[in-house]
S.K.: 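I'd like to ask you about the structure that follows.
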Amino acid sequence: MSEQNTPIEEHHDVNKLIAERKHKLAALREQGNPFPNDFRRDATSDQIMAQYEHLSKEELEEKKIRVTVAGRMMLRRVMGKASFATIQDVGGKVQLYVARDSLPENVYNEGFKKWDLGDIIGGSGVLFKTQTGELTVWLDEIRLLTKALRPLPDKFHGLTDQEACYRQRYLDLIVNEQSRKTFLIRSKTVAYIRQFFNSKGFLEVETPMLQGIPGGASARPFETHHNALDMQMFLRIAPELYLKRLVVGGFEKVFELNRNFRNEGVSTRHNPEFTMLEFYWAYADYNDLMDITEELFRGLAQSVLGTTEVQYQGNVFDFGKPFARMSVTESILHYNPDVKLEQLTTREAVAELAKSLGIEVKANYGHGRILMEVFDELVETKLQQPTFITEYPAEISPLARRNDHNPEITDRFEFFIGGRELGNGFSELNDAEDQAERFHEQVRQKAAGDDEAMFYDEDFVTALEHGLPPTAGQGIGIDRLVMLLADAPSIRDVILFPHMRHTDKHGS
RNA sequence: GGGUCAUUAGCUCAGCUGGUAGAGCAGCGGACUUUUAAUCCGUUGGUCGAUGGUUCGAAUCCAUCAUGACCCA
């Protein structure tokens, strides 16, 4: 083994720190396998703290509680013949007391003192409290479990370089507690959502991410090619059309929690792949969706954060109160007292308003499309507290059911928190003939140069012809939701391995 | 796509109006058996993001490029 590991590249070791550690590893190989896998711990640091932190110095001396722990050595304070070391495991940190005379012959000088910060070690001993009252394990047994060849980032400052945190997330997780917390919040959020929908009788399903026709949203897809079938394929931009097929099939309450892909720019709010919750609920409408969304968000914040008041970047968003509900038109008027209702009611008037705001109005834009451009400009960022915006124009809602009183609008809403769209829901269009006509209109838009317009999905129309029961469905962006709960300013902070440009240095 | 800023040791950062590079941590050697970013003494370590240019001389000035952050589209 060690012969194989005498690489030519050893001369190329860029820095002496790595070379030093490799020499130590070579010496360890002489003595046996430096990567053993026969060590078993019986406690993690958080368990130890929870169970024994409250005991006094005297009680601990009396009880002689033995624990076996393992983790990465993060700090070490050597004081001659004894040392303190701090190890970090999945539950947090715990301090070890390592004294020469408590260990077998030579282990302290020939072993422990030669190991490095970043190495994974394990040991057994009795709990005690130090003079300053810190719960500590007095080891009588210690082993090196994994040799680390690269040094950790600065033990005090950690890793602050954003790029390094994203590209080498493992380092970020090792040294930045905030980052660990963020991903714990993410995990709890997803777990809560699963439990929430399961408890309400929704069935979790998985539908294709590799699709022949990308549908369910207006977005540019990633394209790929299936070699054996010699056919063009797309990564999905949304699961919507497949989930509705399942409702046609009789699964009346379904949800899917997984990845969508959109071939668009990256920003603090956009990653090319992102996680969506979509759920479909037969015999319900968009008002039911707004109600269940409030219930979900309230329970989620309470469960994950222990409060319904969500602190985000210096603001407080109250998930406890009923969420505001207003129409697109109402919201424009409400947040812009200068704008008059007459400026919104005809295509000509709203086009003029849009132009005065510097918005480009293309010839093929209808009244509804222009109204939404104005909304994006004048309202979206002002929707700080949780708000549902309703009455979306049919023109930009090709999959949503028309309103019974006004066919130009749909029974649809989007909802916003902190000036960002978090979700989109509507009563589903289940009129197959209307759906076919709306797809035709999308195809016309695509032909006119709108590459975000939808494809005609004949199989989906066939499914609708078999009868989709009256249904409501909604999507919620999980990454943006986690940003809120974790108080994270960028979507990259809540995605473990965010998209980064390829570099020779690290790959991606 | 546009603007602003950044890139110097493994990590965190200094480095002035141009004169060939510095600290702390980590590492290495030594002292130290209750430390807390341990402390104390000594010490190694750099293609200053890349490529051109200006200059007797460039980490520093200029141009282009790369990567990132933030803002705007």
S.K.: Assess, by modelled atom type and distance only, whether the side chains of Gln168(A) and Tyr170(A) contain a donor and an acceptor separated by less than 3.5 Å.
M.R.: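 Distance-only check passes for Gln168(A) and Tyr170(A).
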S.K.: Determine the Euclidean distance between corresponding P atoms of C71(B) and C62(B); express it in Å to zero decimal places.
M.R.: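 Looking at atom P only, C62(B) and C71(B) are 27 Å apart.
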S.K.: Starting at CD of Glu380(A) and ending at C1' of A73(B), how long is that distance when rounded to a whole Å?
M.R.: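 Rounded to whole Å, this separation is 14 Å.
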S.K.: Decide salt bridge (charged side-chain N to carboxylate O under 4.0 Å, His left out) for Glu441(A) and Arg444(A); before the verdict, give the C-alpha distance in whole Å, the side-chain angles of both, and the deciding distance to 0.1 Å.
M.R.: CA-CA 5 Å; Glu441(A) 176 56 28; Arg444(A) 281 192 285 275; 3.0 Å; yes
S.K.: To the nearest Å, give me how far apart CD (Glu377(A)) and C1' (C72(B)) are.
M.R.: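 Roughly 11 Å, once rounded to whole Å.
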S.K.: If I pick the C1' atom on G18(B) and the same atom on U4(B), what distance separates them, to the nearest angstrom?
M.R.: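 Here U4(B) and G18(B) have their C1' atoms 25 Å from each other.
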S.K.: When you measure from the side-chain N and O atoms of Arg77(A) to the phosphate of U35(B), is any distance below 4.0 Å, counting only OP1 and OP2?
M.R.: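 Looking at the OP1 and OP2 atoms of U35(B), neither is under 4.0 Å from any side-chain N or O of Arg77(A).
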S.K.: Could you state the CZ-P distance from Phe84(A) to U35(B), rounded to the nearest angstrom?
M.R.: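 So the CZ-P distance, Phe84(A) to U35(B), works out to 7 Å.
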S.K.: A21(B) pairs with which nucleotide, Watson-Crick or G-U wobble, both distances below 3.5 Å?
M.R.: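 For A21(B), the partner nucleotide comes out as none, under the 3.5 Å rule.
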S.K.: With a non-hydrogen cut-off below 4.0 angstrom, is Thr86(A) in contact with a base, only sugar-phosphate, or nothing?
M.R.: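 Contact class for Thr86(A): none.
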S.K.: Suppose you measure atom C1' in U47(B) against the same atom in C41(B); what distance do you get, rounded to whole Å?
M.R.: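 Between the two C1' atoms, the distance is 34 Å.
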S.K.: Check this for me: does the side-chain of Gln131(A) come within 3.5 Å of the base of U35(B) through a donor and an acceptor?
M.R.: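 Between U35(B) and Gln131(A), which were checked side chain against base, a qualifying N/O pair under 3.5 Å is absent.
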S.K.: Roughly how many Å is it from CG in Leu139(A) to C1' in U35(B), rounded to a whole number?
M.R.: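 Between C1' of U35(B) and CG of Leu139(A): 15 Å.
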S.K.: Which whole-number value in Å describes the distance from Lys81(A) NZ to U35(B) P?
M.R.: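 Answer to the nearest Å: 17 Å.
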S.K.: With both distances kept under 3.5 Å, what pairs with C61(B), Watson-Crick or G-U wobble?
M.R.: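 Result: G53(B).
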S.K.: When the distance from CG of Asp493(A) to C1' of G68(B) is rounded to whole Å, what number comes out?
M.R.: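 So the CG-C1' distance, Asp493(A) to G68(B), works out to 14 Å.
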S.K.: Give the table of side-chain donor-acceptor pairs shorter than 3.5 Å for residues 216-223 of chain A, with sequence neighbours excluded, one pair per line with atom names and distance.
M.R.:
from      : atom 1 : to        : atom 2 : distance (Å)
Arg220(A) : NE     : Asp451(A) : OD2    : 3.4
Arg220(A) : NH2    : Asp451(A) : OD1    : 3.4
Glu223(A) : OE1    : Gln232(A) : NE2    : 3.0

S.K.: In the structure I gave you, are the side-chain heavy atoms of Pro393(A) and Arg369(A) within less than 4.5 Å of one another anywhere?
M.R.: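 Not in contact.
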S.K.: Please find out if less than 6.0 Å separates the ring center of Phe297(A) from that of Phe415(A).
M.R.: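 For Phe297(A) and Phe415(A), the ring centres are under 6.0 Å apart.
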S.K.: Could you walk me through whether Asn260(A) and Glu273(A) pass side chain to side chain donor-acceptor pair (under 3.5 Å), step by step?
M.R.: CA-CA 6 Å; Asn260(A) 289 344; Glu273(A) 55 180 303; over 6 Å; no
S.K.: On RNA chain B, compare the nucleotides closest to Ala164(A) and Pro489(A); which residue's is nearer the 5' end?
M.R.: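 Its nearest nucleotide lies further toward 5', so the answer is Ala164(A).
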S.K.: Between Arg167(A) and Asp161(A), does the salt bridge (charged side-chain N to carboxylate O under 4.0 Å, His left out) criterion hold? Intermediate values first, please.
M.R.: CA-CA 10 Å; Arg167(A) 288 190 194 274; Asp161(A) 182 322; over 6 Å; no
S.K.: Distance between the P atoms of U55(B) and A66(B), in whole angstroms?
M.R.: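 The answer is 28 Å between these two P atoms.
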S.K.: Tyr166(A) near the nucleic acid: base, sugar-phosphate alone, or nothing, with a heavy-atom cut-off under 4.0 Å?
M.R.: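 Counting heavy atoms under 4.0 Å across all strands, the contact made by Tyr166(A) is with sugar-phosphate only.
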S.K.: Whole-Å distance between U35(B) P and Trp138(A) CH2?
M.R.: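 Trp138(A) atom CH2 is separated from U35(B) atom P by 13 Å.
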S.K.: Take nucleotides 25-31 of chain B nucleotide by nucleotide from the 5' end and write B, S or -, depending on whether a protein heavy atom sits under 4.0 Å from the base, only from the sugar-phosphate, or from neither.
M.R.: BBSS---
S.K.: Within the 4.0 Å heavy-atom criterion, would you say Gly265(A) contacts the bases, only the backbone, or no part of the nucleic acid?
M.R.: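 If one applies the 4.0 Å heavy-atom cut-off, Gly265(A) turns out to touch nothing in the nucleic acid.
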S.K.: I want to confirm an ordering. Mapping Lys57(A) and Asp161(A) to their closest nucleotides on RNA chain B, which one lands closer to the 5' end?
M.R.: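 So the residue in question is Asp161(A).
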S.K.: Could you give the CZ-to-P distance, from Arg150(A) to G10(B), as a whole number of Å?
M.R.: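 Answer to the nearest Å: 11 Å.
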S.K.: Would you measure the distance from the C1' atom in C40(B) across to the matching atom in C5(B) and give it in whole Å?
M.R.: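 Their C1' atoms lie roughly 41 Å apart.
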S.K.: In whole Å, measure the gap between the C1' atoms of A50(B) and G29(B) for me.
M.R.: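 It comes out at 38 Å once rounded to the nearest Å.
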S.K.: Regarding U12(B), can its base be found pairing with the side chain of Thr160(A) as donor and acceptor, where the two atoms are less than 3.5 Å apart?
M.R.: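 Under the 3.5 Å cut-off, the side chain and the base do not form any donor-acceptor pair.
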S.K.: Quick one: look up who C5(B) pairs with, Watson-Crick or G-U, both distances under 3.5 Å, and put none if it's unpaired.
M.R.: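 Checking every strand shown, C5(B) finds its partner in G68(B), with both distances under 3.5 Å.
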S.K.: Looking at the rings of Phe323(A) and Phe413(A), which for Trp means the six-membered one, are their centres under 6.0 Å apart?
M.R.: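 Not close enough - the centres of the two rings lie 6.0 Å or further apart.
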S.K.: On a whole-Å scale, what distance lies between the C1' atoms belonging to A59(B) and A9(B)?
M.R.: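 Going atom to atom, C1' in each nucleotide, I get 14 Å.
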S.K.: Please give the nucleotide sitting opposite U39(B) as a Watson-Crick or G-U wobble pair, both distances under 3.5 Å, or none.
M.R.: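 Pairing partner: A31(B).
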S.K.: If I pick the C1' atom on G24(B) and the same atom on U39(B), what distance separates them, to the nearest angstrom?
M.R.: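 The same atom, C1', in both gives a distance of 15 Å.
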S.K.: Please give me the minimum heavy-atom distance between Arg236(A) and Pro239(A), naming the atom from each residue.
M.R.: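 Between these two residues, the closest heavy atoms are NH1-CB, 3.6 Å.
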S.K.: Nearest to the side chain of Thr268(A), heavy atoms from C-beta on, is which of U35(B), C70(B), G68(B)?
M.R.: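 Shortest atom-to-atom distance from the side chain points to C70(B).
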S.K.: Using only side-chain N and O atoms of Arg167(A), determine if any of them is under 4.0 Å from OP1 or OP2 of U67(B).
M.R.: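 Arg167(A) to U67(B) OP1/OP2: no side-chain N or O under 4.0 Å.
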